[in-house]
Amino acid sequence: MMIDVITFQLPEGMTRGDVIKFYENTTDKWRNINELIRKSYIYDGEARLGSGIYHWKTVAAADQWHDAEWRKFVKELYGSDPVVRRFEVPIVADNELDQTITFSIDEAA
């Protein structure tokens, strides 16, 4: 498994309410993607940053969905280019499932 942490600068004048509305308008796009385990929308009003944390089954899926068209969409919506940071997830301590999950390197590829 791997995670993409996406951040983007929010324009002056965009309120928390505006950001939440934009987030809500994009949830349907991400709901039925088999390769996406979870997406968390996060917000930092003080730093004027929007962010998404995507839990992907594979790097190929992340690359497919975070392509040039997606980058253009983010820039048009929020006025800044998204910054993508990618992390391999070798271990998850999952309290809901009450277990520790280990991923092999091959599963993140």
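In this chain, residues are counted from 1 in sequence order. The analysis underlying the following values was restricted to heavy atoms, covering all of them including side chains, and did not include hydrogens, waters or symmetry mates. All figures in this text were calculated on a predicted structure; none of them were measured in a lab.
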Could you tell me if the side chain of [Y] sits less than 4.5 Å from the side chain of [X], heavy atoms only?
X: Val83; Y: Ile6; value: no
X: Asp44; Y: Ser51; value: no
X: Val92; Y: Met1; value: yes
X: His55; Y: Lys39; value: no
X: Thr100; Y: Ile91; value: yes

A quick test of your reading: do over 12 heavy atoms of other residues, nucleotides or ligands sit less than 6.0 Å from [atom1] of [X]?
X: Gln99; atom1: CD; result: yes
X: Asn95; atom1: CG; result: no
X: Asp98; atom1: CG; result: no

Are [Y] and [X] linked, directly or through intermediate hydrophobic residues, by side-chain heavy-atom contacts shorter than 4.5 Å (ILVMFWY only)?
X: Leu49; Y: Ile20; result: no
X: Val19; Y: Tyr41; result: yes
X: Leu36; Y: Val84; result: yes

Residues that Asp18 engages under side chain to side chain donor-acceptor pair (under 3.5 Å), provided they are two or more places apart: Thr15
Any residue meeting side chain to side chain donor-acceptor pair (under 3.5 Å) with Arg48, in chain and number order, not counting sequence neighbours: none
Kindly compute the distance separating [atom1] ([X]) from [atom2] ([Y]), expressed to the nearest 0.5 Å.
X: Arg85; Y: Asp4; atom1: CZ; atom2: CG; result: 11.5 Å
X: Arg16; Y: Tyr43; atom1: CZ; atom2: OH; result: 7.0 Å
X: Leu10; Y: Phe22; atom1: CG; atom2: CZ; result: 9.5 Å
X: Gln9; Y: Glu12; atom1: CD; atom2: CD; result: 8.5 Å

Determine the minimum heavy-atom distance between [X] and [Y], stating which atoms define it.
X: Phe103; Y: Val89; answer: CD1-O, 3.4 Å
X: Trp65; Y: Trp70; answer: O-CB, 3.3 Å
X: Leu77; Y: Met14; answer: O-CE, 4.0 Å

Measure up the Tyr54 and Trp56 rings against each other and bin them: parallel (under 30°), tilted (30 to 60°), perpendicular (over 60°). parallel
Just jot down the salt bridge (charged side-chain N to carboxylate O under 4.0 Å, His left out) partners of [X], sequence neighbours excluded, or say none.
X: Asp81; answer: Lys75
X: Arg71; answer: none
X: Asp67; answer: none

Anything under 3.5 Å between a donor and an acceptor, one on a side chain of residues 27-35, the other on a protein residue two or more places apart or in another chain? List them.
| unit_1 | atom_1 | unit_2 | atom_2 | d |
| --- | --- | --- | --- | --- |
| Thr27 | OG1 | Glu24 | O | 3.1 |

